[in-house]
Amino acid sequence: MSEIATQLKVSQGSISLWTKDIVLSSEAQKRIHSIVLSRRDAVANTLRKKKRNRLELADRVATEEMHLGISFLRPNMFSLLAMIYFCEGNKNDSNVGFTNSDPELMRLFIQLLRKCFSLDESKFRACLHAHDYHDIEKQKKFWSGVTDIPLQQFTRTYNKKSAHVFKKLGYQGCLRVNYYDAHVARVLLAFAKKLMKHYS
């Protein structure tokens, strides 16, 4: 209708009215479907480009901030660790418990924990949460590589039933890490609360 309206220099509303009783041939329907798909792809590409541009801008800003604040970041690793734990970790102080499906966040948390405390590595335990479509041994090895926690310190896997509607592309399952030291948990929670009180 837009093509006809352009050629006749009338509104699409008029074209719609004039053609409402016309039954399109299969060839015409295929052509319209092709146009719709082409426009949909064009819109998707535009959205992807805009998103990529926004991410690139954010990355540049973050890089600049990192260079400006690198001397500030090192002595504040403890603050970062405490806030990550307060947001994503256990809220009780019986042990340090941290569960996440993001490998990079898990890696960062474990690295900061090791840098900020003198740890007994034997107190670590890890539990994989996986769907029934996962290769359990493969996922355990993956998370063991992320955390540097030996496979023998992984407990029984928690299997989550999948609805089989779709598989989340690249989803590595979820990992729960526990470090059994109540003192470390209490220090992290107390420090996080002090930070929030200080800035509130």
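A quick note: this is a predicted structure, and the numbers were derived from the prediction, not measured. Any value given below was found using the heavy atoms of this structure, including those in side chains, with hydrogens, waters and symmetry copies removed.
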Give the intermediate values and the outcome of side chain to side chain contact (heavy atoms under 4.5 Å, CB included) for residues Phe154 and Trp143. CA-CA 10 Å; Phe154 275 62; Trp143 285 106; 4.2 Å; yes

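- Atom CZ of Arg31 is surrounded by 12 or fewer heavy atoms from other residues, nucleotides or ligands within 6.0 Å.
- In this structure, the side chains of Arg48 and Asn45 come closer than 4.5 Å at one or more pairs of heavy atoms.
- Remark: Tyr180 engages no residue in a ring-ring contact (aromatic ring centres under 6.0 Å, His included) (not counting sequence neighbours).
- Taken together through direct or relayed side-chain contacts under 4.5 Å among Ile, Leu, Val, Met, Phe, Trp and Tyr, Val146 and Tyr158 form parts of separate hydrophobic clusters.
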Expected list for residues 8-16: side-chain donor-acceptor pairs under 3.5 angstrom, two or more places apart:
from: Ser11; atom 1: OG; to: Ser14; atom 2: N; distance (Å): 3.2
from: Ser11; atom 1: OG; to: Ser14; atom 2: OG; distance (Å): 3.1

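- Rounding to the nearest 0.5 Å gives a distance of 9.5 Å between CD of Glu137 and CG of Leu128.
- Heavy-atom neighbours of Met1 CE from other residues, nucleotides or ligands within 6.0 Å: at or below the threshold of 12.
- Distance check: Leu151 CG to Ser144 OG gives 4.0 Å after rounding to the nearest 0.5 Å.
- Under a hydrophobic-cluster definition in which Ile, Leu, Val, Met, Phe, Trp and Tyr are linked whenever side-chain heavy atoms come within less than 4.5 Å, directly or via other members, Leu24 and Trp18 are assigned to different clusters.
- Going from atom CD1 of Ile149 over to atom OH of Tyr179 covers 11.0 Å, rounded to the nearest 0.5 Å.
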Quick one: do Ile35 and Glu3 satisfy side chain to side chain contact (heavy atoms under 4.5 Å, CB included)? Show the steps, please. CA-CA 12 Å; Ile35 292 172; Glu3 291 178 4; 4.1 Å; yes

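- Looking at heavy atoms from C-beta onward, Phe124 lies in side-chain contact with Arg114 at the 4.5 angstrom threshold.
- When all heavy atoms of Ser79 and Leu195 are compared, the closest pair comes out as CB-CD1, 3.7 Å.
- In this structure, CG on Asn100 lies 11.0 Å from SG on Cys87, to the nearest 0.5 angstrom.
- Between Val184 and Leu113, the closest side-chain pair of non-hydrogen atoms falls below 4.5 Å.
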Can Asn90 and Arg176 be said to form a side-chain hydrogen bond (donor to acceptor under 3.5 Å, both in side chains), step by step? CA-CA 10 Å; Asn90 274 358; Arg176 178 173 182 81; 2.9 Å; yes

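- Ion pairing between Arg107 and Glu104 holds under the 4.0 Å rule for side-chain N and carboxylate O.
- Annotation: cation-pi pair Lys91/Phe86 present, NZ/CZ under 6.0 Å from the ring centroid and within 45° of its normal.
- Each of Leu80, Thr147, Leu81 was checked for a side chain to side chain contact (heavy atoms under 4.5 Å, CB included) with Phe109, and the lone residue meeting it is Leu81.
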Would you check, one step at a time, whether the test side chain to side chain contact (heavy atoms under 4.5 Å, CB included) holds for His129 with Leu175? CA-CA 6 Å; His129 293 216; Leu175 191 71; over 6 Å; no

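- Between Asp181 and Val96 there is no side-chain heavy-atom pair separated by less than 4.5 Å.
- Of all heavy-atom pairs spanning Cys174 and Ser101, the tightest one is SG-N, 3.9 Å.
- Looking at every heavy atom in both residues, Gln153 comes nearest to Glu121 through NE2-O, 3.0 Å.
- Taking the six-membered ring where the residue is Trp, the centroids of Phe98 and Tyr85 are separated by 6.0 Å or more.
- Within the 3.5 Å criterion, the main-chain N or O of Ser2 finds a donor-acceptor partner in the side chain of Thr6.
- Rounding to the nearest 0.5 Å places CD1 of Ile32 at 12.0 Å from CG of Leu37.
- Here the closest non-hydrogen pair linking Val177 and Ile110 is CG1-CD1, 3.9 Å.
- Side-chain contact between Met83 and Met196 is present, with heavy atoms from C-beta onward closer than 4.5 Å.
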Carefully, step by step, assess Asp120 and Lys123 under the rule side chain to side chain contact (heavy atoms under 4.5 Å, CB included). CA-CA 6 Å; Asp120 178 353; Lys123 291 184 178 182; 3.8 Å; yes

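- A 4.5 Å side-chain heavy-atom check between Lys140 and Thr157 finds at least one atom pair inside the cut-off.
- Checked for salt-bridge contact, Glu56 and Lys49 miss the test: no charged N lies under 4.0 Å from a carboxylate O.
- Scanning all heavy atoms of the two residues, the minimum distance from Gly173 to Gln139 falls at N-NE2, 4.5 Å.
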